[in-house]
K.L.:
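My questions will all concern the structure given below.
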Amino acid sequence: MRVRFAPSPTGHLHVGNARTALFNWLLARGHGGTFILRIEDTDIERSTLESERGILADLRWMGLEWDEGPDVGGGHGPYRQSERLELYASHARELIEKRHAYYCFCSAETLEASRKLAMAEGRPPMYPGTCRELDPDESARRVAGGERAVVRFRVPDTGDVMFDDVVRGQVTFGMDVIGDFVLVRSDGRPAYNFAVVIDDALMHVTQVIRGEDHISNTPRQVLLYEAMGMEPPAFAHLSLVLGPDHAPLSKRHGATSVAEFRAKGYLPEALVNYLALIGWSPVAAAAAADLPPDDAGSELLPIDEMARRFSLDRVSHSAGVFDEAKLAWMNRHYMKQAAPERLAHECWTWLAERGWVTERTPDAQQFIASLMPIAAGSVDRLSEVADRVEFVFQWDAAAAAALVAADPGGRRVLEAFADEAAAGPLLDKEAFRAVMGRVKDRTGVKGKALFHPVRVALTAAESGPELDLAVPAIDRAAQLAASAGVRRVVSCHGRATAILNS
RNA sequence: GUCCCCAUCGUCCAGCGGUCAGGACGCGGCCCUUUCAAGGCCGAGACCCGGGUUCGAUUCCCGGUGGGGACGCCA
């Protein structure tokens, strides 16, 4: 089995394309096949080497290594279409000789006009066939004389083209809706439909897995295979990835590229796992494979396990909406799984942005890693870790106290806390818990509103005389906490959160 | 306009003639909790419409509607 992912380097790797790459990779890895990366850079106006590098980097970040490709080589290269021009030219010559293709001298303006007319008359806007019956020798002379021409494929006049789509079943197109399409542009570069066929054939690709937007190109390609006397590969068309409004996912929906999701702080395994779930169900695949039910029930799967379970006939027919909330949930899961050292590494840039860390010394890395358990698993993304650990680096006790002082509920909690705490020593966790329980009962306040004021008071206790407390309740609670010995256990970088916990 | 594809909770998937239509995310509630989260439990929430076929359709067929894609010297 040989599959390929063939992006054109005209921008960032879109998550929809990343999903296509992933499905190809999963199929290859699950079946001991070969995964090929081919760069479709025949559009010289838009292709850039920078995009190519970005796409390669994004694929590697996702963990999708390829066996053959522009940078790693392979036995069926080159792997950039711009380096295969001679191959296309020779096949084009052959098709012209066999009368499967012909030169067309029509101008872009003429063609545009006929397209418009066809639309207006309710006909499929396709090539009218103007140059179809030109004398081949005459055409050859005109081309030799320097006249600009494209090479068009001669589509049969009647009949149907059909192919068995692995995910959709049999698809049929009537010849009458397929116009004679361009194989070679007037500047000699191959057009998409021609280049893919030559490449897939020469690279011995056995299954072509690509986006649904290519489904109507497929009959043209099948025709080309037939004309060249070659066996077409199996085709599988994946439905598209949509935005929340059911329009194809685009910039106006927010992040769309792998690079953007990476920059937002998503872990690669989360993105990969999530993407696989749009249009594919590991649960059912597992059932089919007779796996233990509890194991089979989870959507959370490492990439290798997905590869093991992946199969094309379980791929959904309908388009899927990209749901960032679910991605975030998965990311949380993988952040909890990740080693603190790795998280520290991944979060570094965000912490550095705030000036909290500079050099990656072993000590600094170890310290940051020690902070990770506080944050990981309670935030959606790596970029949010900084906010989570902010108190370690900057905690304004006075500002916090002022905020609590302004809140009637907070003051009630502190009054109650001061009363209750005065009843006995507050030296251990159990005693503290008991006091907090009574405060909760007395005030009816719970959750964050209950603990935050107390936390502030404890911080005040730690801060000592340099914090001037204008609010009696806070002051009293703080003094009480200090005298009760709480201060002793208010330690570590955890100023507040880890109180009594350390 | 023409052709092609698609259609189960808000979203992603299960279902492949008889199910109390299942799970996950999200949402609501409760519990737990020394913040926020996380976690646990509970709950609300769907078969696009109309015809067939059948003893019986979410499931099969046809039509409609809706959504998407394609009709380039872009891929």
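Residue numbers start from 1 in every chain, and the chains themselves are labelled A, B, ... in the order their sequence lines are given, proteins ahead of strands.
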K.L.:
Say you pick atom P in B:C48 and the same atom in B:A7; how far apart are they, in whole Å?
P.N.:
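Each nucleotide's P atom is 10 Å from the other's.
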K.L.:
Compute whether any side-chain donor of one residue and acceptor of the other, for A:His237 and A:Arg168, lie under 3.5 angstrom apart.
P.N.:
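The answer is no; no qualifying pair exists.
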K.L.:
Counting Watson-Crick and G-U wobble pairs only, both distances under 3.5 Å, name the nucleotide matched with B:U19, or none.
P.N.:
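Per the H-bond distance test, none.
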K.L.:
Under 4.0 Å between a side-chain nitrogen and a carboxylate oxygen: does that hold for A:Glu40 and A:Arg80?
P.N.:
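Here A:Glu40 does not pair with A:Arg80 in a salt bridge, since their nearest N and O are not under 4.0 Å apart.
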K.L.:
Which value, in whole Å, describes the distance between the P atoms of nucleotides B:C16 and B:G10?
P.N.:
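About 23 Å, rounded to a whole number of Å.
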K.L.:
Taking the basic N atoms (NZ, or NE/NH1/NH2) and the acidic carboxylate oxygens, is any pair closer than 4.0 Å for A:Glu324 and A:Lys264?
P.N.:
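Yes, this pair counts.
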K.L.:
Rounding to an integer number of Å, can you tell me how far A:Arg46 CZ sits from B:C73 P?
P.N.:
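Distance check: A:Arg46 CZ to B:C73 P gives 14 Å.
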K.L.:
Need the pair for B:U2. Rule: Watson-Crick or G-U wobble, both distances under 3.5 Å, any strand; none if unpaired.
P.N.:
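In the structure as shown, B:U2 has B:A70 as its Watson-Crick or wobble partner.
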K.L.:
Return yes if a side-chain donor-acceptor contact under 3.5 Å exists between A:Thr172 and A:Asp160, otherwise no.
P.N.:
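Not at all, the side chains of A:Thr172 and A:Asp160 share no donor-acceptor pair under 3.5 Å.
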K.L.:
Any strand counts, and the cut-off is 3.5 Å on both contacts for Watson-Crick or G-U wobble. Which nucleotide pairs with B:A57?
P.N.:
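Looking at the geometry, B:A57 pairs with no nucleotide.
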K.L.:
Tell me whether the guanidinium CZ or amine NZ of A:Arg38 lies under 6.0 angstrom from the six-membered ring centre of A:Phe5 and within 45° of its axis.
P.N.:
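Not flagged: A:Arg38 not positioned over aromatic ring of A:Phe5.
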K.L.:
Going by purine N1 to pyrimidine N3 plus the second Watson-Crick contact, or the G-U wobble pair, all under 3.5 Å, which nucleotide sits opposite B:A24?
P.N.:
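Here B:A24 is engaged in a pair, and the nucleotide opposite it is B:U11.
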K.L.:
Below 4.0 angstrom, which residues in residues 148-155 of chain A have at least one non-hydrogen atom near RNA chain B?
P.N.:
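RNA chain B contact set from residues 148-155 of chain A: A:Val150, A:Arg152.
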K.L.:
In whole angstroms, how far is the P atom of B:U2 from the NZ atom of A:Lys116?
P.N.:
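Roughly 20 Å, once rounded to whole Å.
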K.L.:
Just to be sure I understand the rule, does A:Ser8 reach a base, reach only the sugar-phosphate, or reach nothing, if contact means heavy atoms closer than 4.0 Å?
P.N.:
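Since only primed, P, OP1 and OP2 atoms lie under 4.0 Å of A:Ser8, the category is sugar-phosphate.
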K.L.:
Side chain of A:Asp323, heavy atoms from C-beta onward: which of B:G1, B:C73, B:U11 has the nearest atom to it?
P.N.:
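The answer is B:U11.
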K.L.:
Examine distances only and state if a side-chain atom of A:Asn24 and a backbone atom of A:Ile209 form a donor-acceptor pair shorter than 3.5 Å.
P.N.:
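A pair under 3.5 Å: yes.
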K.L.:
Can you tell me the distance, in whole Å, between the NZ atom of A:Lys326 and the C1' atom of B:C27?
P.N.:
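In whole Å, B:C27 C1' and A:Lys326 NZ are 14 Å from each other.
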K.L.:
In whole Å, I'd like the distance from the OH atom of A:Tyr274 to the C1' atom of B:C13.
P.N.:
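After rounding, the gap between these two atoms is 11 Å.
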K.L.:
Mind checking if A:Thr172 touches a base, just sugar-phosphate, or nothing, with heavy atoms under 4.0 Å?
P.N.:
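Sugar-phosphate, no base atom in range.
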K.L.:
Inspect the contact between A:Asp245 and A:Arg252 and indicate whether a charged nitrogen and a carboxylate oxygen are less than 4.0 angstrom apart.
P.N.:
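Answer for the salt bridge query: yes.
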K.L.:
Taking the same atom, P, in B:A21 and in B:C4, what whole-Å distance lies between them?
P.N.:
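My reading of the P atoms in B:A21 and B:C4 gives 36 Å.
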K.L.:
Please name all residues satisfying side chain to side chain contact (heavy atoms under 4.5 Å, CB included) with A:Asp157, sequence neighbours left out, ordered by chain then number.
P.N.:
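For A:Asp157 the side chain to side chain contact (heavy atoms under 4.5 Å, CB included) partners, ignoring immediate neighbours, are A:Arg132.
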K.L.:
Out of B:C13, B:G26, B:C71, which nucleotide sits closest to the side chain of A:Ala325?
P.N.:
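Of the candidates, B:G26 comes closest.
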K.L.:
Sticking with atom C1', work out how far B:U59 lies from B:C25, rounded to a whole angstrom.
P.N.:
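Comparing C1' positions in B:U59 and B:C25 gives a spacing of 26 Å.
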K.L.:
Checking only heavy atoms, does the side chain of A:Asn217 share a donor-acceptor pair with the base of B:A70 at less than 3.5 Å?
P.N.:
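Answer is no: no donor-acceptor pair is held.
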K.L.:
Whole-Å distance between B:C3 P and A:Gln170 CD?
P.N.:
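In whole Å, B:C3 P lies 18 Å from A:Gln170 CD.
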K.L.:
Please report the distance, rounded to the nearest Å, between CG in A:Leu277 and P in B:C12.
P.N.:
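From A:Leu277 CG to B:C12 P: 12 Å.
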K.L.:
Strictly by Watson-Crick or wobble contacts shorter than 3.5 Å, is anything paired with B:A44, and which nucleotide is it?
P.N.:
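When the pairing criteria are applied, nothing turns out to pair with B:A44, so the answer is none.
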K.L.:
Can you check the distance between B:C27 and B:A44, where both ends of the measurement are the C1' atom (answer in whole Å)?
P.N.:
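Going atom to atom, C1' in each nucleotide, I get 9 Å.
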K.L.:
Is the A:Phe261-A:Phe322 ring centre distance short of 6.0 angstrom?
P.N.:
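Distance test on ring centres: under 6.0 Å, yes.
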K.L.:
Report yes or no: does A:Arg148 contribute a side-chain atom to a donor-acceptor pair with the main-chain N or O of A:Phe105 at less than 3.5 Å?
P.N.:
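No, the answer is negative, given that no donor and acceptor are paired below the 3.5 Å cut-off.
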K.L.:
Please determine if A:Asp180 and A:Arg154 form a salt bridge, counting it only when a charged side-chain N lies under 4.0 Å from a carboxylate O.
P.N.:
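Here A:Asp180 does not pair with A:Arg154 in a salt bridge, since their nearest N and O are not under 4.0 Å apart.
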K.L.:
With sequence neighbours left out, what residues match A:Asp313 under salt bridge (charged side-chain N to carboxylate O under 4.0 Å, His left out)?
P.N.:
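A:Asp313 satisfies salt bridge (charged side-chain N to carboxylate O under 4.0 Å, His left out) with no other residue.
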K.L.:
What do you reckon, are the aromatic ring centroids of A:Phe23 and A:Phe310 less than 6.0 Å apart?
P.N.:
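Yes, they do, as the ring centres are separated by less than 6.0 Å.
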K.L.:
Please encode protein proximity along nucleotides 59-69 of chain B as a string of B, S and -, counting only heavy-atom distances under 4.0 Å.
P.N.:
---------SS
K.L.:
Does the separation of the ring centres of A:His214 and A:Tyr192 fall below 6.0 angstrom?
P.N.:
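Under 6.0 Å, so yes.
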K.L.:
Give A:Thr10 one of three labels, base, sugar-phosphate or nothing, depending on what nucleic acid heavy atoms sit under 4.0 Å from its own.
P.N.:
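Counting heavy atoms under 4.0 Å across all strands, no contact is made by A:Thr10.
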K.L.:
Centroid-to-centroid, A:Tyr102 to A:Phe153, below 6.0 Å?
P.N.:
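They do not qualify: ring centres at least 6.0 Å apart.
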K.L.:
Under 4.0 Å from any atom of RNA chain B, heavy atoms only: list the residues of residues 174-182 of chain A that qualify, in numerical order.
P.N.:
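Of all residues in residues 174-182 of chain A, the ones placing a heavy atom under 4.0 Å from RNA chain B are A:Val177, A:Val182.
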K.L.:
At a cut-off of 3.5 Å, list every protein nitrogen or oxygen paired with a nitrogen or oxygen from nucleotides 37-42 of chain B, distance to 0.1 Å.
P.N.:
unit_1: B:A37; atom_1: O2'; unit_2: A:Ser378; atom_2: O; d: 2.8
unit_1: B:A38; atom_1: O3'; unit_2: A:Lys336; atom_2: NZ; d: 3.1
unit_1: B:A38; atom_1: O2'; unit_2: A:Lys336; atom_2: NZ; d: 3.3

K.L.:
Please state whether the phosphate of B:G15, meaning OP1 or OP2, lies under 4.0 angstrom from any side-chain nitrogen or oxygen of A:Arg314.
P.N.:
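Answer yes for this pair, as a side-chain N or O of A:Arg314 is under 4.0 Å from OP1 or OP2.
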K.L.:
When the C1' atoms of B:C20 and B:U35 are considered, how many whole Å apart are they?
P.N.:
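To the nearest whole Å, 42 Å.
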K.L.:
Using atom P of each nucleotide, how far apart are B:A38 and B:U65 to the nearest Å?
P.N.:
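Comparing P positions in B:A38 and B:U65 gives a spacing of 46 Å.
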K.L.:
Could you check A:Cys104 against A:Arg19 and say which one's nearest nucleotide on RNA chain B is further toward the 5' end?
P.N.:
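The answer here is A:Arg19.
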K.L.:
Side chain of A:Ser47, backbone of A:Ile44: donor and acceptor closer than 3.5 Å?
P.N.:
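Here the side-chain-to-backbone pair does not exist.
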K.L.:
What's the gap between B:U34 and B:G28 when it is taken at their P atoms, as a whole Å value?
P.N.:
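Those two atoms are separated by 24 Å.
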K.L.:
B:A75, B:C12, B:G72: which one has an atom nearest the side-chain heavy atoms of A:Arg115?
P.N.:
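Closest of the options to the side chain of A:Arg115: B:G72.
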